[in-house]
Protein chains: 2
Amino acid sequence: MPIVYSFFKVLTASDTSTHGGFSVLPRHANECFPALDMNQQIPVQELIAEDLHGREWRFRHIFRGQPRRHLLTTGWSTFVTSKRLVAGDSFVFLRTSQFIVGLNKYLEAVNKCFGVSMRFKMRFEEKVSPRRSYTGTVVGVEDLSSQWENSKWRSLRVQWDEAASIPRPERVSPWEIEPMTLLFGVDLRNPSNAR
Amino acid sequence: MPIVYSFFKVLTASDTSTHGGFSVLPRHANECFPALDMNQQIPVQELIAEDLHGREWRFRHIFRGQPRRHLLTTGWSTFVTSKRLVAGDSFVFLRTSQFIVGLNKYLEAVNKCFGVSMRFKMRFEEKVSPRRSYTGTVVGVEDLSSQWENSKWRSLRVQWDEAASIPRPERVSPWEIEPMTLLFGVDLRNPSNAR
DNA sequence: TTGTCTCCCGGAGGGAGACAA
DNA sequence: TTGTCTCCCTCCGGGAGACAA
């Protein structure tokens, strides 16, 4: 499982003030940001981040001040006003991770209410398989682990229709699959039926 | 019928620019604004106006410049940005008038769709009558005049339940009255029934 | 180490008269 | 007469190091 680099900080009054930017703890910057070129007198780079809605945010990441520290300056204040952040709010930074799912994607998936015996289709990347998608049936809905009750993460036990040469999971998350419409037992999207 | 003082102007580029205010034609200012104290070197006063949503707007009305002219300065630019006015838009100024009805009040009233035989209640001002409200029935829905087709103005012909010592109109506008709920013929709001 | 303060400077914009159509 | 221009000056706020907890 890949390591997830992330940090989290409760915003201070200075972080959310109109005068200046956001100060980053050195450990956080080292772990989570691309390395700065420390040969420069004042090391600077542009960071591009994405929020859970898929919107892009650009921040100037600079290492300056006496003593030296990591700061996010240009771009930070528009982020603060746009998100209406105030001192005391929390700021979470992640690079990408499989545990992060777009909010809309998640809400859509949860709305579909997958249940036992429901038919579904799941896409695979082209690099992984020559076929784009495989079909199957939900055969169980249960927590993956008692440690994470009511988590939707890999909550669906599935049975695949056909054998395949590529490895496919026995459990999937609702946002990984698409439900298929059934009408009187005839699967309208099944390729064996005329379209 | 009272005289309605009003003016109307197509906004110029200067009126909507960020630099400066709104210039008022002298005739308009004389007819529609309270008179300025012309003994002052630079006559100034504050105008308080209300939009159709009932929201209050304050403008500084000043008579200055070479040659002298009437201007609305402080408060005008927030009005422009808030209403998203641009050059070419029209600006209408009225003092109060019985023909001006709040937008929400109007929309609500139109939504109620008054029809013949509907029961209603109408409030009167305390100065006019010791009773606060009288009930009646709508007996006709028609244009007040063929000159103003589909106007809701006094479009409802009504019959009052009881005689009263005060003069009451034979025709009312939808926004002047309130519909009363009827259930199996029992008027739930009629004072003669227990509440 | 890191939050706050203060200073500096540039841009936005209000408010004034100049000026011209 | 009245729309536009330009100038002036204030205010806001980003961005820097100073400083202290």
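All chains are named by letter (A, B, ...) in the order of the sequence lines, taking the proteins before the strands, and each is independently numbered beginning at 1.
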Practice task
Take the protein atom NE2 of A/H19 and the nucleotide atom C1' of D/dC19, then report the distance between them rounded to whole Å.
Solution key: 18 Å
Exercise for the section: Consider the side chain of A/P67, meaning its heavy atoms from C-beta on, and name the nucleotide among C/dA16, D/dC19, D/dG15 that approaches it most closely. Expected result: D/dC19
Problem - Residues A/E162 and A/R168 bridged, charged N to O under 4.0 Å - result: no
Exercise for the section: Begin from the C-alpha positions of B/Q45 and B/Q40 and carry the test side chain to side chain contact (heavy atoms under 4.5 Å, CB included) through to its verdict. Expected result: CA-CA 11 Å; B/Q45 67 183 346; B/Q40 295 173 35; over 6 Å; no
Exercise for the section: Output yes when a side-chain donor or acceptor of A/R64 lies under 3.5 Å from a complementary backbone atom of A/I42, and no otherwise. Expected result: no
Practice task
Answer with base, sugar-phosphate or nothing: what part of the nucleic acid does B/S17 contact at a heavy-atom distance below 4.0 Å?
Solution key: nothing
Handout entry: Complementary nucleotide of C/dA16, counting Watson-Crick and G-U pairs under 3.5 Å
Key = D/dT6
Practice task
May I ask you to say what B/L25 touches in the nucleic acid, namely base, sugar-phosphate or nothing, with a heavy-atom cut-off under 4.0 Å?
Solution key: sugar-phosphate
Completion exercise
Against the side chain of B/T12, the closest entry in D/dC7, D/dC19, D/dG3 is D/dG3
Practice task
Have a look at B/S23 and say if it touches a base, only the backbone sugar-phosphate, or nothing, with a 4.0 Å heavy-atom cut-off.
Solution key: sugar-phosphate
Practice task
Any strand is fair game: report the nucleotide pairing with D/dA21 by Watson-Crick or G-U wobble, both distances under 3.5 Å, or none.
Solution key: C/dT1
Practice task
Flag the pair B/V158 / B/F120 as yes when at least one side-chain heavy-atom distance between them is below 4.5 Å, and no otherwise.
Solution key: yes
Practice task
For B/S77, report the nucleic acid contact type (base, sugar-phosphate, nothing); a contact means any heavy atom under 4.0 Å.
Solution key: sugar-phosphate
Exercise for the section: Check every strand shown and say whether B/T18 touches a base, only sugar-phosphate, or nothing at a heavy-atom separation below 4.0 Å. Expected result: base
Handout entry: Closest to the B/R69 side chain, choosing from D/dG17, D/dA16, D/dT2
Key = D/dT2
Practice task
With A/K83 as the cation and A/F91 as the aromatic partner, state whether NZ or CZ is under 6.0 Å from the six-membered ring centre and within 45° of the axis.
Solution key: no
Problem - B/S14 side-chain proximity, nearest of D/dG3, D/dA16, C/dA16 - result: D/dG3
Practice task
Assign each of B/A13 and A/R60 to its nearest nucleotide of DNA chain D by heavy atoms, then name whichever residue's nucleotide is nearer the 5' end.
Solution key: B/A13
Practice task
Assign A/P26 to base, sugar-phosphate, or nothing according to its heavy-atom contacts below 4.0 angstrom with the strands shown.
Solution key: sugar-phosphate
